[in-house]
Every structure is written in C-alpha cells, then in structure tokens.
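Naming: A, B, ... by sequence-line order, numbering from 1 per chain. Bear in mind that the values here come from a model prediction, so they are computed numbers and not experimental data.
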Protein chains: 2
Amino acid sequence: MFSRVRSAFMNVVGGIEPVVGMKDVDGPSDERDRHRHLPHKFPYTRPHFLQLHTEEEIAVTADHHIRPIIVPRDINVMPWSAGYAEAVNAGKSMLNEDQACIHRGLLTRQDRNSSDSHKAPSLPYVYFGIFDGHAGSGAAVAAANQLHHIIHEKLVDIIDHLIPPVVQMEKSSRSGLSFFFPGKEVSKESLITGALESAFWDMDQLIGEDKLKYKVNGGCTALAALFIDGKLYVANAGDSRAVLVRHSRSQPMSYDFTPESERQRVRRLAALQPELLGNEYTHLDYCQRPVQKDIGKRILYRDWYMTGWGYKTVTPSDLKLPVVHGEGKRSRVLATIGVTRGFGDHELKALYSNIPIKPFLLCQPEVKVLHVDDEEEWSEEDVLIMGTDGLWDVTSNERVAEIITKSFKQFPQDENRNKYRYTSAAQDLVMSSRGKLTERNWRTSEGKSATIDDISVFVIPIVDYKRDHSAWLEQNKALREQISANMNSINSNVVVERAVHNGHPQDEEEEVSLESVMNGDDEIDTSAPLRLELQ
Amino acid sequence: MFSRVRSAFMNVVGGIEPVVGMKDVDGPSDERDRHRHLPHKFPYTRPHFLQLHTEEEIAVTADHHIRPIIVPRDINVMPWSAGYAEAVNAGKSMLNEDQACIHRGLLTRQDRNSSDSHKAPSLPYVYFGIFDGHAGSGAAVAAANQLHHIIHEKLVDIIDHLIPPVVQMEKSSRSGLSFFFPGKEVSKESLITGALESAFWDMDQLIGEDKLKYKVNGGCTALAALFIDGKLYVANAGDSRAVLVRHSRSQPMSYDFTPESERQRVRRLAALQPELLGNEYTHLDYCQRPVQKDIGKRILYRDWYMTGWGYKTVTPSDLKLPVVHGEGKRSRVLATIGVTRGFGDHELKALYSNIPIKPFLLCQPEVKVLHVDDEEEWSEEDVLIMGTDGLWDVTSNERVAEIITKSFKQFPQDENRNKYRYTSAAQDLVMSSRGKLTERNWRTSEGKSATIDDISVFVIPIVDYKRDHSAWLEQNKALREQISANMNSINSNVVVERAVHNGHPQDEEEEVSLESVMNGDDEIDTSAPLRLELQ
C-alpha cells in the first residue's frame, strides 16, 4: 500500500506536469459515467464582458501554442474602464479553466405607495470576481454565473442597515424589524463581511446540490472584490490574489490559501478526525520522509500543534504519507490537490483511493476591507490588481507594482485613449507571466521559466469609485431630504427589491430560490472587432 | 433544560464574582472525594525566588484585605537583577493562584574521553515562567515546578543543532545522527520553537497523568520567556501577556487567547464535532440571544465560518446556549471557563452538566521570537514585561510603558541601588492594577475599579542578556579553537548532559522519565529580611 501511494505521489509532485489524475475525474468509473450524461447548467464560455459569442471566437482564445492575450472588445462595458486580460495555459487542460465576472448592482428601498421608483433611496455597488478552476471548469463557470446573485441576495437581507428608512418606523409587520436595532452594536462593515462569507458558503452548497442534477466538474478558487458604501471588500478563498498598488507600492489585499499556508489547519483536522485519513495518511509532518530502514531511528518531525520541529523515533506508522506533503507550489493535500479553499470538489477523491478530499477544503473566504472614503487622496494610478496564480507564480507583488507604474507612464496621455490604460496594464501583466515561446518553452523576458498555467488579471482604478461614491452621497442626501419633506404618512411600508427583477419589485415575502438565480443579460456591443494580441 | 442552563449562565457572567462552580470542583462528588484523598505532588508555595519558607511567611502574602505587594527578598538571586512583584486577589480564592519560576540552564556537549568538563562547549539559557491558575492552584504549581525541566529535555534533544560538534563526525552509532544534516534546511529558531511547543504539550499530558495519582486541581495559563542563542522566545498559552517596552514604547510579544479571541476556533470545533456539545449548546453565535417568543423571527447570527453577521430565522434549536458566550472578560466557553489555552482542566465539566470542557482547550503556545543579537542598540531601559491578566485588565500596554519609563526616571541613579530599579518598576506596575482599598473597594489612583484578581509581574532587562550572549560568543569561539587544536582523535563520541544530573552526566541512552523531573534545589540566602510593601 505505501509504495503504491508513494509512487502515485511521485507522479503528482515529481514532474512539471500537474496532477494527471485530477483531469476531469469525478470518482469511480460508474459514477463518472452517470455524471457524463447529466446536462450542463451553464455552458462553458469566456467571461461575459469579453463578448465572445461564437464557438470559433472561443476556440481562438484556447490556442495552447499561441496563447493569445485576450482583452475586452468594448472597453465601455467595463466599470471605470477597468482593465482585464487573460491567456490560456500551455496545454495542461483543454480549456481555459479561469473564469471571471463583473456585476454592477443596485440595492433599492422603495416606498410601496410611491409610483416613482427613481426617487427611492438606493445604494449602487460594483463587483468583480475571478475563479481559477481545476479538474474541469464546471465549478468556476458556476461561480462566475451565480456568486454575484447570491451576494446580491445577502445584501438585500441587510438592506435595513445599508439603506435605513428615511423616516424611522416604530415597528413593522415585517418579521425581523424587531431586531432592527439589536442590543449589541453591529457595524455595516461586519454585516457586509457576513454577507460575503455566507454567500461563499451558499455558493459551495449550491454547487454541491447541482452536482446531483447537472454536470459540474471540478472545483475552483474564488476571489471577489465588492465596492460598496465607500469601501472595498476583498473576499478570498484560494490562491488567487488581490494587491493594491498605491503610490507605485504594492500592498496585499488578500493572503493565499494553499496546502502550505494552511498546513496547520489541515493537520489539526486530520488529528481531530483521523478517520478522514483512511489509515493511509498521517497528520504528522517530517523534515525528510522516513523509509522502512529508518524505523527505530530519530527523525525531525512536527505534530499538528507545532510550527517548529522536534525529534521522534520512527515507528511503522510514520511510513504513512503526510496529509499535507511537498513544499510551496508542489504542496498537496492527500497527495492530490494543491489548493485548500474555494468551491466544488465535492466528489474529489485522493489519487488511487476512495478517501474524500472535500472535508479538508474550506469555502470560507478571508475578507479584507479598504476604506476608500477616508481622508486620503487617491490618484488615477492607484489600482486594485486581481489575478489568478498564473500571474503570481511568475510575477511578484513588487514586480507587478513596477510593471503597472511603467505601463501607466508609457501610455500616451491622450484623452481618447486614456481609458485603455488599465487594459493595457493588464495586458502587460499577463505578458510578464506568460512570456514568449522560445524553442519549446515559455520564457519570461529575463529568460526564466514563465507560467504554463491559465492567467487572468483585473486592473481596477480606485479613484473612480471614490468619485462615484462622493457623487452618490450628495444625491442620496438630497433625495432623502426631498422624500422626508414630501412625506405625510409616517406609517409607510417597506418594499425591498429582490435580486431577480425586471423593474417590477417582487413581493417582499417571496422566497428567491437559488435555482432561479441566473446570469442577467448584458447589453452587448458587437460592432467592435475581437481584439487579440498575438505577441 | 434551557432555563436551567440560562440561569446557571446568569450566575456565571451576571455578577462581579467569578465562576462559583469552578472553585475546586473536580467533577461528580464521588470522583471529587477520591481526588481529595490523593497526595500532593508539589506543596502549595510562592515562587522559589521569593524565598518564603515558613507557613507564616506564605500566609502573610495571602492577606486579602491588605494585599501586600511582595518582591524578592534577595535581588541577587534574580538573573540580571530582573524585577518581580505580586499581589494576591481580593478574596476570589483563598490562595494566590498565580505561580512563577526562574531557571538558569546550561546545555553542555561533552567529549566522553575528556575528564575536564569545564572545557566542554556549552550554551547557557535563562527561562522565566508565569502561570495563572484557576479552580485551584494545582496545575499552576505543577507547571512552575516542572515546565522548565521539560523544556530542558527538549533542548537537549536538539543539542546537535544548538552546539554542533567541534569536529564534524561522519557517522556515529548514536541513533539519529544520520539525520544530523536533514534534507530540508531546518533553522535553530524552528527547532527551539518546536522544543517549546512540544514541551507545552508534554507538560499538559503530564498533568493529565498526574491527576490519576496526585491531587492536581484546576488549570492554568502559561507564559514562558526563554533567552537562548542570542534570541528571546516567548511562548504563550492563555491570557497572561508579554510586552516589550523599548524606547519607552510598548510592543506586544504575545497575544491573549480568550474565548473572545478564540471564538472561531472553538465554534469550528463545535461544528465539526457536535457531540461535544451534549445537545445543550450550539456552535452558532447571536447578536442578541433569541428567546421562545422569537421563534419564526429574523435574527442576527453568525455561523462558524463567519466573522461578520447575517440574518437567520429563529428555530427552536437556536434557543440553545452558544458554545462561546459573553463579551470581553465575561466571555466563557460552555458558560464555564474564561480561558481557552493552558494546562490542566482535564476533569472540568460545564456547569450543572456532565459535558467535558477539555476538548475545547488547547495547550499549544504561540511562539514569538525577538532577535536580541541584531544590530540594534538596546538600552538599560528596554525591558520585557510579563504579567498575568490581573495586571492587563486594568493597565494597558501603553500605560505600562508610561509607568515603566516614569519609574526608571525617578529611580535614584546610584550604583548600589541601581539593581533594584526593575523590582521597583514591577512594584509600580502591580500597584497600578491593584490600586488601594477605598471604603470597601479596590480603586486605582484615577478612581477606577482596580482588579480583584491575583497579579504577578516580571520586568526583565534585555541589554544584560545581549551582553551575556556577546561574552559567551567570544568564550565559545576561543574554546572551540582550543579544543580543535588539542584534538587528535576525530572519532570521539558525543555525550549529552541530561536535565537531571548531579555533575555526573548520565548515559546518553538512558530515558529520563517525566516522573523523575523534579524541581532543583536553589541556593538560598535567608539572611535578607522578608520585604513586604504595605501600601
């Protein structure tokens, strides 16, 4: 048994190639066959804002030999002319398993008696999401299509806090309003954080449920940025990364979750619930893995409660494979998976075994908040970078700041073209990590190994949101004063606009099922040519 | 059932008095009776460096009405004239449940063939430990008597890394030396960290085993500082705290572990292993605890995977008591215990129930390292403060820095008396948190509530260790050169000095049992008078 696991392990972490066994494998063959015949809930495609509609257009993006850098064909669909660029992998999977999404949302509080919905107090927000799929693109596509709707639902849930009633009601028939002023003070920040956290949880649950009815293969990491109420919320579950570049310096807005960084969490769980290890793995960690002939010798190890090292005497059970093994990019949970947070992977088993991996994974994001509405000045050059690990494996946070700064400097200061600067910068970042094909290898401009992974990057200006938010503050103040003045009746009822609507607010009591949450239709400009950069 | 738990809970967190049910209770009465007849492994006493020997002297320290501030009677027993002061609680327990220990250790590598052990390469270290007991003083006394010996054992285990052989051996018969240069590079820092972590684990195991044979009541927090190899290691498990005061500014050297700060860890465990909650508690958290009439209403809650808040609809199971409840100093695990890390509490049950609390507690310390041997200058005024929560509940980190700075300034610059400055500062700190008895309440000089808890404080100068370490570096270099020159035989064997010795190094293969680890006899100067400050 051990030698089998070991040799499997060597296949996984020993070579340059990623996990072979993870490609589109969904468990034992009969289960897999059943799964193969299920319909897709969402078809594979590229991010909606790229406006690629034909199979041919999509096929061009997935050329593993050219790896074209794809950018949006119409910059006007991007909020604040935010930049985006992507490149497919060098052949590790057939499709580009990265997915992305942008959503402009509006939370509206409406007076049921008022016919003029334009005068209702409302709060706009902008969302960017990036999802790096593995073992298939199903989970990433599902998240790109649905996470923002779930987040919207969660924000609607706390609308009383985000958009307080213009005139305070004493009590309402609406359930929950008795808790409108809870005993403990709860900040809007902690409610929006909670909304993101529970949305990530629901998203993963939904994928789990959908896997019974649809073909949703694999798993994905998730990184979401939400600009709302004068702040930027970054929620991260996985090894994609958000970095703020401000005054040309990088500042992390998320921390990578990998088997390496989550070693202690995973080992602690393994120690608590050893049955999850199927008698084939150990929660212990070794400086150098012991072999048969080491039995009885002293070896450097660490238990789950140690961050440092100590000595133990090798026993036969030390020959089991550590639950987290390998270093850095090669670290794996149960010798199989290289990420520890995100969505999906419900059916994933450890290589050559029947041990489920899902218990060791978490969909819980870490949420970091940036106060955009503070006193500090923001310049046009201050941007949020969001990228999948394809970017960060090659290009460091500091190097990204350098590239961005250089890119902005070189961009012509021409008002007409100025809006392309963020796209251009995103393209430069993808270029930096993709490199060029020299002989048979992808190499960076410094001649180092480039990434063979998919790369997706957003470059989002911060100052534009600050401007939008300041304008909104003024409008909102004026609107509320106006409503307050016009209001004769205090006892109005509250109607809350739900996520899925066509201008007609739904009944407040109606449950919006996750089933019904679908991607909205975007207005599309098909006049612009598909813009591919073949460098 | 719920109302019973609720009323128990109110008793616990509702009043000023600490947990009534925790006073010396060791489970059901038959178990308790059995426990009562067990012998003590270590008698109750005050820290060894206070040199209090008679029952009368010890009784004076425990006067709840006067709460005398006790300091060492002979400053010369303190390494670097480090300061210490303590005061007993105002009556919440009969004895002062804080304990402390100082230990000067020496790790020695010896050439078996050499008769001159003074010429063996060795590494000195200095250890300070502080232990805040609860529900009895047994665990704190056990830790004060034994933790430093266990740490010594763990350091001996890694002696090959701390004191490398003068002449490198190729291979030795000694098991483990084949791992002397492991594949992965392991720093001395991570080995010393590992030594502390596994020592804390073993200490807790030992108390658990001893509870079967001896009367070891209650539990305790643990905070240890280890000056070794040019660095300061601070290991913390509990709500005692270490703070560095440097250039008159405070800098945390540990973080408090409390039900509040460990809410997420405890709730996650409760969600993973709901059987630990005995169907009486829930892993959920509520902004305001729901009552029967709230069923069906919306309430602000958070699940284990949320740091923020969200809404849920109240169901009957939401009427269970949260596994962590209450805020700040009043937060409790299972409505019973106010600390989440430390030693002991193996038999502790939740109030009025049979639910064990130990699974929610951790003995794992967080280890923070300070490079004393760096380039930076250290002044006589730069000190490490270690204090139990009695200090920190009243006096903040910043205020401690102010008091220390003021205390040093006011202390006469007289060479003879200079060595008392740290004791004097420790006394000022205890005074700040104990305050004075005005009418029937203990009040600070600002008229605020003082602590009614035990207070213990160390004030340890850093620069003295830096000087000692520099001197050692010189000596060690000279010694190694000398040994190297004298050495004719390469193939010498290594003998490692064990913790329990009387000048005769034990056989290297001999197992030192935890049983045999006892407190060493300190040389005591009984000539100095007992110094009590009755302020």
State, yes or no, whether a side-chain contact exists between [X] and [Y] at a heavy-atom distance under 4.5 Å.
{"X": "A/Arg265", "Y": "B/Arg268", "value": "yes"}
{"X": "A/Thr307", "Y": "B/Glu366", "value": "no"}
{"X": "A/His161", "Y": "B/Trp309", "value": "no"}
{"X": "A/Trp304", "Y": "B/Gln364", "value": "yes"}

- Option that, when pairs with chain B are counted at under 4.5 Å, heavy atom only, ranks first among A/Ile158, A/Leu269, A/Leu272, A/Thr193: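 Max contact count across the listed options: A/Leu272.
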- Message: So which atom in B/Met306 and which in A/Gly194 form the shortest heavy-atom distance, rounded to 0.1 Å?
- Response: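 Nearest pair, atom of B/Met306 first, then A/Gly194: CE-O, 3.8 Å.
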- Item | Distance, nearest 0.5 Å, that separates OG of A/Ser198 from CZ of B/Arg302 |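 Atom-to-atom, A/Ser198:OG and B/Arg302:CZ are 13.0 Å apart.
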- Step-by-step side chain to side chain contact (heavy atoms under 4.5 Å, CB included) determination, A/Asp303 to B/Glu197: CA-CA 9 Å; A/Asp303 213 316; B/Glu197 288 167 328; over 6 Å; no
- Task: Check the surroundings of atom CD in A/Gln292: do more than 12 heavy atoms from other residues, nucleotides or ligands lie under 6.0 Å from it?
- Result: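 Not more than 12 within 6.0 Å, no.
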